[in-house]
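Have a look at the structure below before the remarks.
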Amino acid sequence: MFWDRLVDADLANNTFGWQWVAGCGADASPYFRIFNPVTQAKRFDADGIYVRRWIPELAALPTKYLHAPWTAPAEVLRNAGVVLGTDYPEPIVDHGRARERALAAFMVLGSRKTARARRANGSDA
């Protein structure tokens, strides 16, 4: 169960946090709101306090690279004792590219919905 895997499990955070992020929460989600964990981490944990507590493998990294360790130069990683792919995983998702793809998909869906509505109203010529 997802809950059992969280080191910081909290009912309110999970219901109104992770579900909000996934777009399946209790509130509506505008199509353009696409979660980027790196951006959010930099915004809400600018000093890296949370990351350093819960991901001690990254604790020695300079704050500048803490939220995106794969952007750190090899020497910085070496000095912090971090081996990407061993101590911390390599990125799986390029969030900038994923956002572009999601927005493009949402635009297609929106176009289809508009076309269906026009046909249903008899206004599609």
Side-chain angles (χ1 to χ4, degrees):
M1 188 162 130
F2 180 67
W3 179 272
D4 296 331
R5 304 287 185 257
L6 298 174
V7 294
D8 61 345
D10 176 270
L11 183 60
N13 283 340
N14 297 131
T15 302
F16 296 107
W18 291 110
Q19 289 181 1
W20 178 85
V21 166
C24 63
D27 65 339
S29 173
Y31 77 90
F32 54 83
R33 186 181 73 197
I34 299 171
F35 185 76
N36 182 321
V38 174
T39 302
Q40 295 296 310
K42 287 178 179 179
R43 182 177 298 149
F44 296 106
D45 186 30
D47 296 324
I49 295 167
Y50 183 90
V51 171
R52 286 190 171 87
R53 176 176 179 185
W54 296 106
I55 310 173
E57 298 84 355
L58 301 180
L61 274 176
T63 302
K64 177 180 179 178
Y65 302 109
L66 191 61
H67 300 298
W70 55 91
T71 64
E75 183 178 350
V76 172
L77 291 169
R78 195 171 33 261
N79 290 342
V82 176
V83 177
L84 291 178
T86 301
D87 302 310
Y88 190 81
E90 296 276 356
I92 297 170
V93 175
D94 175 336
H95 290 286
R97 177 140 162 59
R99 182 177 198 282
E100 290 171 8
R101 290 179 60 212
L103 286 172
F106 292 150
M107 294 301 286
V108 168
L109 291 172
S111 297
R112 289 179 184 168
K113 182 178 177 182
T114 301
R116 278 194 309 272
R118 286 183 179 156
R119 282 192 301 273
N121 291 329
S123 60
D124 193 23

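Residue numbers start at 1 and run along the sequence shown.
With values rounded to the nearest 0.5 angstrom, Trp54 atom CH2 is found 12.5 Å from Asp45 atom CG. How far OG1 of Thr63 is from CG of Leu58: 11.5 Å, rounded to the nearest 0.5 Å. Atom CG of residue Asn36 and atom CZ of residue Arg43 lie 9.5 Å apart, to the nearest 0.5 angstrom. A distance of 4.5 Å separates CD1 in Ile55 from OH in Tyr88, rounded to the nearest 0.5 Å.
Taking the side chain as every heavy atom from C-beta outward, Arg99 and Leu103 approach each other to under 4.5 Å.
The minimum heavy-atom distance linking Ala41 with His67 is given by the pair CB-ND1, 3.2 Å. In plain terms, the two heavy atoms of Gly48 and Leu66 that are nearest each other are CA-CD2, 3.3 Å.
Under the 4.5 Å side-chain heavy-atom criterion for grouping Ile, Leu, Val, Met, Phe, Trp and Tyr, Tyr50 is not connected to Val82 through any hydrophobic cluster. The hydrophobic clustering, which links ILVMFWY residues whose side-chain heavy atoms are closer than 4.5 Å, places Trp70 and Tyr65 together.
Around the CD atom of Glu90, the shell of radius 6.0 Å holds more than 12 heavy atoms that belong to other residues, nucleotides or ligands.
Test Val76, Asp87, Leu61 against Pro69 for side chain to side chain contact (heavy atoms under 4.5 Å, CB included) and you get one pass: Leu61.
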